[in-house]
Amino acid sequence: MENIRLRFAPSPTGALHIGGIRTARYNFLLARKYNGTFVLRIEDTDQTRYVPGAEEYILDALRWCGLSPDEGPGIGGDYGPYRQSERKSIYLKYAEQLVASGHAYYAFDTPEELAILRSRAESDGNTFKYDAKVRHQLTNSLTISQEEVHERINRGDDYTIRLAVPQDELVLIDDLVRGRVQFHTNELDDKVMLKSDGMPTYHLANIVDDHLMRITHVIRGEEWLPSTAHHVLLYRFLGWEETMPAFAHLPLIMKPNGKGKLSKRDGAKLGIPVFPLSWKGPTPENTFIGFREFGFLPEAVNNFLAFLGWNPGTDQELFDMADLTRAFSVEKIGKSGARFDFDKARWFNQQHLIKMKSEDLLPWVKPIISEKGHHPDDAFLLSFINLMKERVHVLPEFWDQGNYFFTDYTHLDEKMVRKKWKPELREAFNHLEALIQTIDDFNAENIQHHVKYFITEKELSFGAILPILRLSLTGTTKGPDVFATMVLLGKPEVTRRISNSYLHFDKITG
RNA sequence: GGCCCGUUCGUCUAGGGGUUAGGACGCAGGAUUUUCAUUCCUGAAACACGGGUUCGAUUCCCGUACGGGCUACCA
C-alpha cells in the first residue's frame with residue numbers, strides 16, 4: 001500500500017449529508033492509515049444543479065469533522081484543477097479519443113425524441129434502453145454519413161458522445177467489500193459521456209480524473225455499483241485498465257424507519273440532524289439543522305458514523321480519531337445497509353463528553369453560556385463542566401440543565417415542593433441558613449459536615465432535608481451533588497436563595 | 001418490470017460446520033442508603049423461509065420471500 005491516493009468527490013448541489021461525511025471519513029481513514037493522500041474533487045459537471053455556497057459548505061463540513069483534504073480546490077496539489085468545471089477541455093479530448101478508437105459515437109437524438117421513445121416503450125410495457133440493439137436505428141455517427149456528422153457539428157447542432165457498449169461480454173468487478181460482482185454488457189446502456197453542453201457526465205469525468213489524479217482506491221456508496229461496469233469498460237477503452245483503482249462500495253445509510261436510504265428530508269421530519277453543519281436554503285423546507293448546531297462533538301459524530309457499516313471486530317466502540325485510523329480496515333466494512341439510530345448518536349456524544357478533559361471542553365461550553373449573556377471566568381466554568389459533563393448528551397444541555405448556576409432559576413418544580421416542603425421546616429431552615437453563614441471554609445466536605453451535624457442535631461433525615469434544600473437552590477430535584485452545587489454557587493448566593501425560597505414554598509403549599 | 005446488492009436480538013453488530021450464538025444502544029429490574037446522571041450487576045430480546053451438501057448447519061450451495069440500490073444529456 002504505497003503512495004495510495006483516495007478522493008472524496010461530492011457534487012455541490014446543496015448541503016452534504018452525513019452519508020457523504022461517512023464516505024469521506026472512510027476515504028480519509030484509509031489514506032491516513034497508509035500515509036497516503038486524501039483528495040477533494042468537486043464534481044460540478046451538472047451546471048443546472050449547481051448551488052452557490054455548496055462548495056464552501058463541503059469544505060467547512062470536512063474541516064469541522066477533521067477531514068481536511070491534502071489536495072483540492074483552494075488547497076492546491078499537483079493534479080489540479082480540482083473542480084471538474086475547470087477541466088472541461090480535458091474530457092472532450094478523451095471523449096473524442098473514444099470515438100476515434102471506435103468505443104464511442106456522436107449521437108444527435110434530442111432529449112425530446114428519446115423521451116418519446118421512452119414513453120412509447122413504457123406504454124408497451126417495455127423499457128427503452130439506448131444500446132447496441134437499437135443504436136443502429138437512431139440518429140448517430142453510426143447511422144449517418146461522416147459528412148453529415150461533420151456538417152451537423154459544424155453548424156452547431158446539439159450532440160452527445162455516447163459509449164459504444166459491446167455486446168455479449170461479461171464485466172467482472174472485484175469489489176473490496178462485496179467480492180466479485182459481474183454484469184453482462186447486454187444489460188448495459190450506451191451511457192452519455194459528453195453532454196450537449198460540452199460537459200462530461202459523471203461517468204467520464206470520474207474515470208478521467210481518477211486516472212489523471214492517480215487515484216488508487218475508490219470508496220463510494222453502493223448506489224454506484226450498477227454503473228461500475230461502465231466505468232471498468234471506460235478504463236479498458238482508454239487503455240488504463242492496468243492502473244484502474246480498486247473499488248469498495250459502501251452499504252447505504254438507511255432512514256431510521258428502515259424504509260429507503262437516508263435523505264435530507266428525514267432530519268426535519270423527525271427533528272434530528274442528518275447534516276454535519278446547518279444549511280440555510282432559500283425556503284424553510286430547504287433549511288436544515290446540523291450536528292454541530294445540535295451540540296455534537298465532531299469526534300463523536302465521526303465515531304458514530306464510522307460504526308455505521310464498519311466495526312473493528314472487537315468490543316471497543318469508543319474511538320478518537322487516531323484510534324480509528326489505527327483500527328480501520330476495508331475488510332471490516334459490512335455489506336448490508338445500516339439504519340441511522342439517533343439514540344446511539346446521542347450516546348456516543350455523551351461518552352465523548354465524559355471522556356474529555358474539562359479543559360478541552362471549555363471552548364465548547366463557553367460559547368453556549370455566553371450566548372445566554374453570562375460570562376463567568378474559566379475557573380468557574382471548569383468547575384461547572386466537571387459537575388455537569390456526565391449528565392448531558394449534547395452541548396446545549398449544559399445550559400438547559402445547569403442554567404441555575406449562572407442566574408436565578410426560572411423554573412421551580414412545584415410538584416416536588418408540595419411533596420417535600422412542610423411549613424414546620426421553616427424554622428429548621430432558618431437555622432440551616434444561619435449555620436451556613438458561619439462556615440468559613442466553604443468547601444463541599446466542610447459544608448456536608450455541618451449539614452450532617454445539623455440534621456442529626458434536629459433529629460431530621462437526609463431524605464427530608466436534602467431534596468428541599470436542592471429545590472431551594474436550583475428549582476429542581478435533579479442535578480449534581482448538593483454540596484458541590486453549593487460551593488459553586490458560593491455562600492452569599494446560597495443563603496440568598498434559601499431565604500428567598502420560603503416565600504415561593506409557602507405560596508405553593510399554602 | 002429488468003439488472004445488481006443484501007438478510008444474526010427493536011437498532012448497530014461479532015461470530016462461523018458441533019458455541020449456553022458474544023458485545024453495544026434502547027428497554028425493564030437492582031446496587032452505589034441526597035436526587036439526576038455516571039458506573040456496576042441482572043433480565044427480556046436474534047441466526048427470514050424451504051430445499052440440498054454433511055454424522056451435524058445459523059455458518060457452505062440452490063431456490064423463495066423480504067429489504068435496498070440502479071435503471072437521465074443527475075451525481
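Throughout, protein chains are lettered first and strands after them, A, B, ... in sequence-line order, and every chain is numbered starting at 1.
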Expressed in angstrom and rounded to an integer, what is the separation of [X] atom [atom1] from [N] atom [atom2]?
X      : N     : atom1 : atom2 : result
A/N386 : B/U38 : CG    : C1'   : 13 Å
A/F462 : B/U32 : CZ    : P     : 15 Å
A/F483 : B/U35 : CZ    : P     : 12 Å
A/L250 : B/G69 : CG    : P     : 15 Å

Tell me whether the centres of the aromatic rings in A/F429 and A/F505 are closer together than 6.0 Å.
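No.
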Does the separation of the ring centres of A/F296 and A/F304 fall below 6.0 angstrom?
no
A cation-pi test, strictly: NZ or CZ of A/R162 under 6.0 Å from the centre of the six-membered ring of A/Y130 and no more than 45 degrees from its axis. Yes or no?
yes
Base of [N], side chain of [X] - is there a donor-acceptor contact under 3.5 Å?
X      : N     : answer
A/R470 : B/U34 : yes
A/T160 : B/C73 : no
A/R178 : B/C5  : no

Should the ring pair A/F328 and A/W310 be called parallel, tilted or perpendicular, given that the plane angle runs from 0 to 90° and is split at 30 and 60?
tilted
Which nucleotide, B/G69, B/C73, B/U35, lies nearest any side-chain atom of A/L252?
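Output: B/G69.
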Can you identify which nucleotide, out of B/G23, B/C73, B/C4, has its nearest atom closest to the A/F183 side chain?
B/C4
Under 3.5 Å, which N/O atoms of the protein pair with N/O atoms of nucleotides 8-12 of chain B?
residue, atom, partner, partner atom, Å
B/C12, OP1, A/R339, N, 3.1
B/C12, O2', A/F307, O, 3.1

Would you find a donor on one side and an acceptor on the other, under 3.5 Å apart, between the side chain of A/N303 and the backbone of A/E299?
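A pair under 3.5 Å: no.
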